[in-house]
Amino acid sequence: MIKEICSLPNLGYLHTELPESLFKRLLEEAENAEKDNDKILCGLTEGKEHVPLHYNITKELEEELNKFVLSCAYDFCKIYDYPWTHPLGREPLNLTNLTNWINVQKQGEYIRTHMHDGIISYTTWLKIPNVDQKDQASFWFDYNGIIGNMMHHEIKLNQKFVGNLLVFPSALEHTVYPFYNSSENRISISGNIGYETKGK
């Protein structure tokens, strides 16, 4: 009698690390973003309480970040044969970076369940407060299983995750939960990638 476990294919996410030199420069800028960089207003943050604020990244550093993130996005597409890079059976479209922003999260702050604009998105963590496990923040993906049930995938944001970067489909819903018992900021950078449509 043959008994075989057959898992149906699905999308996941790509987990990698920032290059050390890029990580150090991003962290230096992000730690000073509250006083040096322009604030970004969006529907998740404007007029809301207990929500992390978003800030711009300087152009020169953003260009280097874009180059690395874009290479990771293409790797993601190859791994999963991501269908939205092959719209309507046509030749694959080139990808381009759309937006990036710095997130500065203080204890007790959170970002409700949401999705991003674009085709592919990313988040990378530059600073995570060193707190007890019960007080750690977490990052959750929420998605439907093949029979319609809600599935959750939790990523615990401890010190081991500093410098890590996740690439995932922009339409994949996710939630940023709060941390507690630390006066330090939790700092991350997120962004979106879309199609290069200029001239087409």
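Between the side chain of E29 and the backbone N or O of T58 there is at least one donor-acceptor pair closer than 3.5 Å.
The minimum heavy-atom distance linking I155 with F161 is given by the pair CG2-CZ, 3.4 Å. S121 and H116 get closest at one heavy-atom pair: OG-CB, 3.2 Å. Of all non-hydrogen atoms in A73 and V167, the two that sit nearest each other are CA-CG1, 4.3 Å.
A single hydrophobic cluster is not seen to contain both L98 and V69; linkage of ILVMFWY side chains at heavy-atom distances under 4.5 Å, directly or through other members, places them apart. Both L8 and I147 are part of a single hydrophobic cluster, where members link through side-chain heavy atoms under 4.5 Å apart.
Every residue meeting the salt bridge (Lys or Arg N to Asp or Glu O under 4.0 Å) condition with E64, not counting sequence neighbours, appears here in chain and number order: R25. In this structure, E154 has no salt bridge (Lys or Arg N to Asp or Glu O under 4.0 Å) partners at least two apart in sequence or on a different chain.
Annotation: K127, atom NZ; neighbour count of heavy atoms from other residues, nucleotides and ligands within 6.0 Å is above 12. For D117, the CG atom counts as loosely surrounded, since its 6.0 Å shell holds 12 or fewer non-hydrogen atoms of other residues, nucleotides or ligands. Within a 6.0 Å sphere centred on NE2 of H15, heavy atoms belonging to other residues, nucleotides or ligands number more than 12. Within 6.0 Å of the CD atom in E28, the count of heavy atoms belonging to other residues, nucleotides or ligands does not exceed 12.
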Contacts table for residues 103-110: side-chain donor-acceptor under 3.5 angstrom, sequence neighbours left out:
{"unit_1": "N103", "atom_1": "OD1", "unit_2": "H54", "atom_2": "ND1", "d": "3.0"}
{"unit_1": "N103", "atom_1": "OD1", "unit_2": "W101", "atom_2": "NE1", "d": "3.1"}
{"unit_1": "N103", "atom_1": "ND2", "unit_2": "S188", "atom_2": "OG", "d": "3.0"}
{"unit_1": "N103", "atom_1": "ND2", "unit_2": "S190", "atom_2": "OG", "d": "3.2"}
{"unit_1": "Q105", "atom_1": "OE1", "unit_2": "R186", "atom_2": "NE", "d": "3.4"}
{"unit_1": "Q105", "atom_1": "OE1", "unit_2": "R186", "atom_2": "NH1", "d": "2.3"}
{"unit_1": "Q105", "atom_1": "NE2", "unit_2": "E109", "atom_2": "O", "d": "2.7"}
{"unit_1": "Q105", "atom_1": "NE2", "unit_2": "Y177", "atom_2": "O", "d": "3.4"}
{"unit_1": "K106", "atom_1": "NZ", "unit_2": "E34", "atom_2": "OE2", "d": "3.0"}
{"unit_1": "K106", "atom_1": "NZ", "unit_2": "N185", "atom_2": "OD1", "d": "3.2"}
{"unit_1": "Q107", "atom_1": "OE1", "unit_2": "N181", "atom_2": "N", "d": "2.9"}
{"unit_1": "E109", "atom_1": "OE1", "unit_2": "K106", "atom_2": "N", "d": "2.8"}

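Within the 4.5 Å cutoff, the side chain of Q136 has no heavy atoms near those of the L157 side chain. Taking the side chain as every heavy atom from C-beta outward, N32 and N37 never approach each other to under 4.5 Å. Residues Y122 and C72 fail the side-chain proximity criterion, which asks for heavy atoms closer than 4.5 Å.
Ring-plane geometry between F141 and Y13 is classed as tilted, the angle between the planes lying from 30 to 60 degrees on a 0 to 90 degree scale.
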Please walk me through it: do Y55 and D36 pass side chain to side chain donor-acceptor pair (under 3.5 Å)? CA-CA 9 Å; Y55 298 89; D36 294 339; over 6 Å; no
